[in-house]
Number of protein chains: 2
Amino acid sequence: MARPRSFDEKQVLNAVRDQFWDAGYAATSLEDLMRVSGLGKGSLYAAFGDKRQLFLRALHGYTEEIHAELREVLADAPRALDALRALLEPPIDASPGADAGAVTRRGCLMANSAYELGNADPEVLAHAHRTYEKSTALIGDCVARAQREGDLPAGADPVALARALLAAQQGLVFMSRTGLDAEALTATARSLAARLLPDQGQAGSG
Amino acid sequence: MARPRSFDEKQVLNAVRDQFWDAGYAATSLEDLMRVSGLGKGSLYAAFGDKRQLFLRALHGYTEEIHAELREVLADAPRALDALRALLEPPIDASPGADAGAVTRRGCLMANSAYELGNADPEVLAHAHRTYEKSTALIGDCVARAQREGDLPAGADPVALARALLAAQQGLVFMSRTGLDAEALTATARSLAARLLPDQGQAGSG
DNA sequence: GGAGTTCTTGACCGTTCGGTCCACCATATG
DNA sequence: CATATGGTGGACCGAACGGTCAAGAACTCC
């Protein structure tokens with residue numbers, strides 16, 4: 001028996017997430033948030049709390065999505081090794097309005113946020129830590145599966161390799177963010193994949 | 001025939017650099033800069049221009065230092081392979097007042113800046129790009145030397161491996177920044193080094 | 001020691017920020 | 001159709017920001 005909301009919470013969170021992703025936290029003003037969400041200040045505050053809380057909501061939604069995708073990629077691949085190799089492909093830009101297949105320049109929202117706010121906001125840092133530990137666990141499981149499937153040497157510690165893969169992937173995203181051209185980025189990705197995930201009994205050479 | 005400056009430009013730039021490094025660009029106010037430099041607003045503006053110019057000065061000084069150190073490390077090592085391995089050690093905190101040997105939590109100023117300002121400030125992004133291209137070249141030379149010394153397979157493209165090493169290093173710094181404990185960080189570094197820079201004819205296993 | 005020049009200091013300014021509040025509105029119920 | 005309930009949006013606020021400026025201090029040269 002009251003006026004219903006005129007907006008979809010999820011749509012607003014997605015729009016807000018893209019804004020934070022493109023511009024960063026500090027460089028995004030409430031006016032920006034009003035513009036991309038189509039809501040007034042009062043509505044934003046009533047629905048989500050202040051700027052920081054809204055940001056955290058968007059960030060949590062982002063990491064959940066990322067993990068869902070990661071879980072899917074790792075589970076769906078017939079061979080675990082292929083899924084792991086997919087992690088080390090040049091990162092693609094999925095932002096609205098990006099050229100299809102173009103390399104990303106806005107990086108990963110979680111990484112951007114950890115870099116921008118890690119020193120000042122322990123909660124963001126802790127969330128980043130949890131996020132990457134979770135990713136490590138998921139990737140580690142996939143490594144173990146690849147070992148069982150005979151595609152990776154059985155002796156190695158799956159978690160150590162998982163961490164190495166994650167670090168390498170973040171490095172790739174970073175290089176992409178600094179404007180490294182697509183060709184060099186592809187070569188770097190191949191070089192990393194060839195060494196971190198070589199075909200059994202064959203050394204990488206690219 | 002005028003009043004001499006009462007401060008040392010280099011000391012001020014170092015203090016300012018540390019402040020930006022610890023807090024980021026946006027989160028550093030002019031008041032912070034006055035505090036760490038010991039100068040008044042007017043002096044800062046007269047000597048260095050506005051906040052952004054002062055930041056760029058500090059950033060350029062930082063990257064020059066980094067490259068000088070990198071050149072030194074790569075040149076001084078009797079064997080090039082050892083120098084390359086040093087790149088993949090867990091990053092140490094060299095900030096004033098840090099525990100000796102502690103892992104860094106403030107990362108690399110250039111990387112932090114590229115992440116925070118890359119979208120908004122093309123000059124920062126371009127500087128990051130130039131910086132990493134230069135690093136790639138230096139590391140590539142060292143890779144070539146390691147190949148000549150017989151410590152790395154001669155067939156591989158030195159630049160591709162250099163890029164892979166650089167990406168891996170940035171990944172390590174990032175993981176460290178998110179608060180990964182020193183033990184896991186060390187294991188990750190070893191894992192990366194074992195795979196990217198294996199002993200000749202021996203596969204890594206950590 | 002006086003003059004000229006540069007450096008230093010802090011008061012001051014306009015702008016923009018995040019955040020609050022309230023008058024107005026749309027809807028559901030009886 | 002009257003009323004109660006919650007949503008909406010913009011006016012408004014204090015604070016903090018980056019930046020300017022003028023007056024005084026410190027120094028060198030003549």
Side-chain angles (χ1 to χ4, degrees), chain A residues 1-60 112-113 116-117 119-124, chain B residues 1-60 112-113 116-117 119-124:
Chain A
M1 55 175 176
R3 180 176 176 177
R5 279 192 174 161
S6 67
F7 63 90
D8 179 63
E9 193 159 305
K10 205 152 200 166
Q11 277 181 11
V12 167
L13 282 174
N14 281 347
V16 161
R17 178 203 60 197
D18 282 335
Q19 171 63 33
F20 280 127
W21 202 344
D22 285 334
Y25 179 80
T28 293
S29 69
L30 279 183
E31 201 185 331
D32 292 328
L33 296 173
M34 289 165 63
R35 182 174 39 79
V36 301
S37 68
L39 296 182
K41 269 189 194 182
S43 304
L44 281 175
Y45 272 78
F48 302 101
D50 65 11
K51 183 186 173 185
R52 179 169 171 274
Q53 285 179 280
L54 175 54
F55 170 75
L56 290 176
R57 282 282 299 268
L59 181 60
H60 288 183
N112 297 358
S113 305
E116 181 183 354
L117 303 172
N119 289 323
D121 194 328
E123 187 168 336
V124 170
Chain B
M1 56 178 179
R3 180 175 176 175
R5 281 191 173 159
S6 68
F7 62 90
D8 179 63
E9 192 160 305
K10 202 151 202 167
Q11 278 181 11
V12 167
L13 282 174
N14 282 347
V16 160
R17 177 204 60 198
D18 282 335
Q19 171 63 34
F20 281 128
W21 201 345
D22 285 334
Y25 179 80
T28 292
S29 69
L30 278 183
E31 203 184 329
D32 292 328
L33 296 174
M34 289 164 61
R35 181 173 39 78
V36 301
S37 69
L39 296 182
K41 270 190 194 182
S43 302
L44 281 175
Y45 273 78
F48 303 102
D50 64 11
K51 183 184 174 187
R52 178 168 172 274
Q53 286 179 278
L54 175 54
F55 170 75
L56 291 176
R57 281 281 299 269
L59 181 60
H60 288 184
N112 297 359
S113 305
E116 180 183 355
L117 302 173
N119 289 324
D121 195 327
E123 187 167 336
V124 171

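Throughout, protein chains are lettered first and strands after them, A, B, ... in sequence-line order, and every chain is numbered starting at 1.
The side-chain contact (heavy atoms from CB on, under 4.5 Å) test applied to B:A26 returns A:A26, B:E116, not counting sequence neighbours. For A:F55, the ring pair (Phe, Tyr, Trp, His ring centres under 6.0 Å) test picks out A:F20, A:Y25, with sequence neighbours left out. Residues passing the side-chain contact (heavy atoms from CB on, under 4.5 Å) test with A:A15 are A:V36, sequence neighbours excluded.
Taking atom CG on A:D8 and atom P on D:dT8, their separation rounds to 12 Å, with Å as the unit. D:dC17 atom C1' lies 12 Å from atom CG of B:L33, rounded to whole Å. Across the protein-nucleic acid pair, A:F48 atom CZ and D:dT8 atom C1' stand 14 Å apart, rounded to whole Å. At whole-Å resolution of the value, CG in B:D32 and P in D:dA16 are 13 Å apart. If you measure from atom CG of A:L44 to atom P of D:dG7, you get 13 Å, rounded to the nearest angstrom.
Here the closest non-hydrogen pair linking A:N119 and B:D22 is ND2-O, 2.7 Å. Of all the heavy atoms in B:S113 and B:L59, the pair that sits closest is OG-CD1, 4.0 Å.
When the C1' atoms of four end pairs are superposed on the next four at each end of the helix from C:dG1-D:dC30 to C:dG30-D:dC1, using five pairs per end, the two resulting axes differ in direction by 0°, to 10°.
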Output a table of nitrogen or oxygen pairs between the protein and nucleotides 15-21 of chain C separated by less than 3.5 Å.
residue: C:dG18; atom: OP1; partner: A:T28; partner atom: O; Å: 3.3
residue: C:dG18; atom: OP1; partner: A:K51; partner atom: NZ; Å: 2.8
residue: C:dG18; atom: OP2; partner: A:L30; partner atom: N; Å: 2.8
residue: C:dG19; atom: OP2; partner: A:Y45; partner atom: OH; Å: 2.6
residue: C:dG19; atom: OP2; partner: A:K51; partner atom: N; Å: 3.1
residue: C:dG19; atom: O5'; partner: A:Y45; partner atom: OH; Å: 3.2
residue: C:dG19; atom: N7; partner: A:K41; partner atom: NZ; Å: 3.3
residue: C:dG19; atom: O6; partner: A:K41; partner atom: NZ; Å: 2.3

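Residue pairs meeting the side-chain hydrogen bond (donor to acceptor under 3.5 Å, both in side chains) criterion with at least one partner in residues 48-59 of chain A, sequence neighbours excluded, are A:E9-A:R57, A:R52-A:D121, A:R52-A:E123. The side-chain hydrogen bond (donor to acceptor under 3.5 Å, both in side chains) contacts involving residues 35-48 of chain A comprise A:D32-A:R35, where partners must be two or more places apart or lie in separate chains.
You'll find the side chain of B:F48 reaches within 4.5 Å of the side chain of B:V12, heavy atoms only.
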